[in-house]
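Working notes for the structure below.
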Amino acid sequence: MPKKKKKSGSGKKGKKGKLAKMTEEERIVYLEQQALAEEEMRKKKEDMLTQYLKDKLTKEEKFTRFNLNKINNQWRAIMRESKSKELRRDIEILSQTFERVVDRKDSVIQSLAKDIAEAEEQFSMALRSHLENVDDLIDLQRQRLSTLQGEYDTELEILKKEFDTERDLIVAQHKKEMTDLQDVMFAMEQNFQDREAEARQEFQSMRDEIKNKNLEEKHALRIQLEGAVEDLWRQFQQALKSYNESTEERKVAFENLKAKDEKSAKEIEMQMRKLQRISDQIAQLKDKMAQNARECEERNHQIKDEREVILQHFHALKDRMNSMRDRERARLTKLTLQSNAAIKELQRVHEKGERIMKLAEMCRKLETEEEKVLPFYATSLTEEEQQDVEAAVAEPPSEPLAEVMHEYVSLENFWKRYNKVLLDKLALEKERAGLMTENNQLRTLLKQYLDGISVNDEILSQVNPLFVVNHRTNVKLSVPVVDPRVRRPGQTVVEAAHVVKHHNMGGLLKGDMV
């Protein structure tokens, strides 16, 4: 060791001598080279340290896995041994429980056989009484329908007879009036034909007189005018000759126009005579028609009044008959609806009873042995209180509500069973809530236990008191746990394996009891 110190001292003296002999630039270059050499040495040392730590970490991981497997094997052996002891003990308990349950179920089967026989007898009695009541109701309804149908048929026959008689009277009166009207029409036609013949004879006689008078006047004028006509004819012939000579062409045209004028004049005269004759006939016929119209109008007015009276009477009878039909139809409809409603109600009650019986059979299968042996819970009243209650029930009700309640006294046993089931349901819900909280606590403890025995990236990234490297842990002991889900009450520490073991034992015991 002293020799090494001497060498180092002699080296330092040599370096100082070298530096003293060097120039300023050489000294700077030398110092830079020395600094670079020291930096390289430092990096090599850091790399060697890093490699050493990595090797150490790999060795620690190998040792950790080896120790973890060793611990798991030891835990498995311990847990298998404890579990085998528990299973042996449980098998003994289960064998005793099984024998006890078999004895109890034998007694329950015997009691159930008796209950089934009694229930079948009660059901047959109830069914017979129900069918008898239904048959009585159906017979009563049929009798009522038959009586109502008979009354309806008799009233309908009476109405038909009245209607037929009134109809025959109206038809007979109508036929009589029609014959009277036909006689009146025949008489009016005969009168009209007689008057027409008289008017035609008068017209022919007047026509002959006028024609003879005109012929006489024409003959006298003809004799007087023949002389004058001869003179004038000669003069006319001379003038005509001269005129014809001067107006030969106009004469031809005039002759043609004259012939046409004569023909038109004749046609006009004929038409005028015809029109005059027709107008006279129309006037006469109008007078006759007006007279006949007045007579017929009076007669028609009288007939119309009688017809209105008959129609009013007919409508009154028809309204009365329709109202009676509507009443009877409404009564029949109401009766039909009531009978259908009664049948539907009886069917609904029957279906409800069948559904209740089915539900009772289904619930009977789900009952426990204790419920099958003792279906009704024992009363908490004393004997005197029980007697007071029975006396109060036996008294006749005085109020409407008491009367209604008195009708449902037979359902007392049903309400007892219903209340018992309701209490059992509430107790099971409460027990379920407690088991859920206990299950959550056990899940938390099991997670802590599994996190403690597992090694992976997720668990190493979180706080883990079992992860120790170089006698150090990543748990910050100075930081308090604020989260209420993982906060532990006080300083009590319970090992997770111990809690899991006891929980499994408790679960097995509960399963055996169930």
Near Glu297 CD, under 6.0 Å, is it more than 12 heavy atoms from other residues, nucleotides or ligands? no
With sequence neighbours left out, the residues meeting side chain to side chain donor-acceptor pair (under 3.5 Å) with Arg329 are Asp326
Sorted by chain and number, sequence neighbours left out, side chain to side chain donor-acceptor pair (under 3.5 Å) with Arg76 holds for Asn73
Applied to residues 300-324, the salt bridge (charged side-chain N to carboxylate O under 4.0 Å, His left out) test, sequence neighbours excluded, yields none
### Task
Tell me, with the steps shown, if Gln281 and Phe203 meet side chain to side chain contact (heavy atoms under 4.5 Å, CB included).
CA-CA 10 Å; Gln281 291 177 359; Phe203 174 74; over 6 Å; no
I'd like to know whether Leu127 forms a side chain to side chain contact (heavy atoms under 4.5 Å, CB included) with Leu131, so could you lay out the CA-CA distance, the side-chain angles of the two residues, the decisive distance to 0.1 Å, and finally the verdict. CA-CA 6 Å; Leu127 182 62; Leu131 293 174; 4.0 Å; yes
So side-chain hydrogen bond (donor to acceptor under 3.5 Å, both in side chains) across residues 347-358, not counting sequence neighbours, yields Glu345-Arg348, His350-Glu354
Query raised in the report: After noting the C-alpha distance and the side-chain angles of Glu132 and Asp135, does the key distance pass the side chain to side chain contact (heavy atoms under 4.5 Å, CB included) rule?
Result: CA-CA 5 Å; Glu132 289 175 357; Asp135 293 335; 5.5 Å; no
_Donor + acceptor pair across side chains of Arg65, Asn69 (<3.5 Å)_ = no
Next on the checklist: With a sphere of 6.0 Å drawn around CE of Met185, does it hold more than 12 non-hydrogen atoms of other residues, nucleotides or ligands?
Outcome noted: no
Hey, mind stepping through Arg167 and Leu317 against side chain to side chain contact (heavy atoms under 4.5 Å, CB included) and telling me if it holds?
CA-CA 11 Å; Arg167 183 174 177 276; Leu317 291 174; over 6 Å; no
Sequence neighbours excluded, the answer for side chain to side chain contact (heavy atoms under 4.5 Å, CB included) partners of Gln141 is Leu145, Leu335, Ser339
dist Phe63:CZ -> Thr58:OG1 (nearest 0.5 Å) comes out at 9.0 Å
Step through the shown structure and confirm whether more than 12 heavy atoms of other residues, nucleotides or ligands are within 6.0 Å of CD on Glu384.
no
Lys425/Glu429 under salt bridge (charged side-chain N to carboxylate O under 4.0 Å, His left out): CA gap, chis, key distance, verdict = CA-CA 6 Å; Lys425 177 176 173 291; Glu429 288 178 354; 2.8 Å; yes
Here the salt bridge (charged side-chain N to carboxylate O under 4.0 Å, His left out) pairs for residues 148-162, sequence neighbours left out, are none
- prompt: Could Glu196 and Arg200 be called an ion pair, given the rule that one side-chain N must be under 4.0 Å from one carboxylate O?
  reply: yes
